[in-house]
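Here is the structure we will look at.
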Amino acid sequence: MLENAKGKLERKNADMIVANDVTRADAGFGADTNAVTLLTRDDARTLPLMSKRSVADGILDRVAE
């Protein structure tokens with residue numbers, strides 16, 4: 001998943017991509033929680049399992065940096 005996300009980040013020339021493991025039963029589609037990795041060209045930060053609202057806040061915090 002992370003290698004795919006890194007490749008997409010490069011191909012799309014994006015500043016950041018959010019990698020979301022949709023195979024987890026406790027996260028993603030059909031769940032109230034999620035765990036993601038925020039990837040930039042220089043950094044990868046994993047957010048632990050948390051509410052989707054908290055994930056959104058974590059993404060916005062990273063963008064604001």
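The shown structure was predicted, so the numbers you read here are calculated from the model rather than taken from an experiment.
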With a 3.5 Å cut-off and sequence neighbours excluded, list the donor-acceptor pairs that the side chains of residues 1-10 form with protein atoms.
unit_1	atom_1	unit_2	atom_2	d
Glu10	OE1	Arg41	NH1	3.4
Glu10	OE2	Arg41	NH1	3.2

[X]: which residues meet the side-chain hydrogen bond (donor to acceptor under 3.5 Å, both in side chains) condition with it, sequence neighbours left out?
{"X": "Asp21", "value": "Thr23"}
{"X": "Ser51", "value": "Ser54"}
{"X": "Asp32", "value": "none"}

**Asked** Which residues, ordered by chain and number, are linked to Leu60 in its hydrophobic cluster, where ILVMFWY side chains connect at heavy-atom gaps below 4.5 Å, directly or through other members?
**Response** none
**Request:** Run through the side-chain heavy atoms of Ile, Leu, Val, Met, Phe, Trp and Tyr, join any pair under 4.5 Å, and report what else lands in Val22's cluster.
**Result:** Phe29
**Message:** Taking CG in Asp15 as the centre, count heavy atoms belonging to other residues, nucleotides or ligands within less than 6.0 Å. Is the count above 12?
**Reply:** no
**Request:** Could you state whether Leu47 and Ile17 fall into the same hydrophobic cluster, counting links through intermediate Ile, Leu, Val, Met, Phe, Trp or Tyr residues with side-chain heavy atoms under 4.5 angstrom apart?
**Result:** no
**Item:** Contact summary for Ala27 and Leu49, nearest pair of heavy atoms
**Value:** CB-CD1, 3.9 Å
**Request:** Determine the minimum heavy-atom distance between Ala35 and Arg24, stating which atoms define it.
**Result:** CB-NH1, 3.5 Å
**Request:** List in chain and number order the residues that pass salt bridge (Lys or Arg N to Asp or Glu O under 4.0 Å) with Asp57, two or more places apart in sequence or in another chain; answer none if no residue qualifies.
**Result:** Arg53
**Fill in**
Hits for side chain to side chain contact (heavy atoms under 4.5 Å, CB included) against Ala44, two or more places apart or cross-chain, chain-then-number order -> Thr37, Leu39
**Message:** Could you work out, with side chain to side chain contact (heavy atoms under 4.5 Å, CB included) as the rule, every residue matching Glu65, not counting sequence neighbours?
**Reply:** Arg45, Arg62
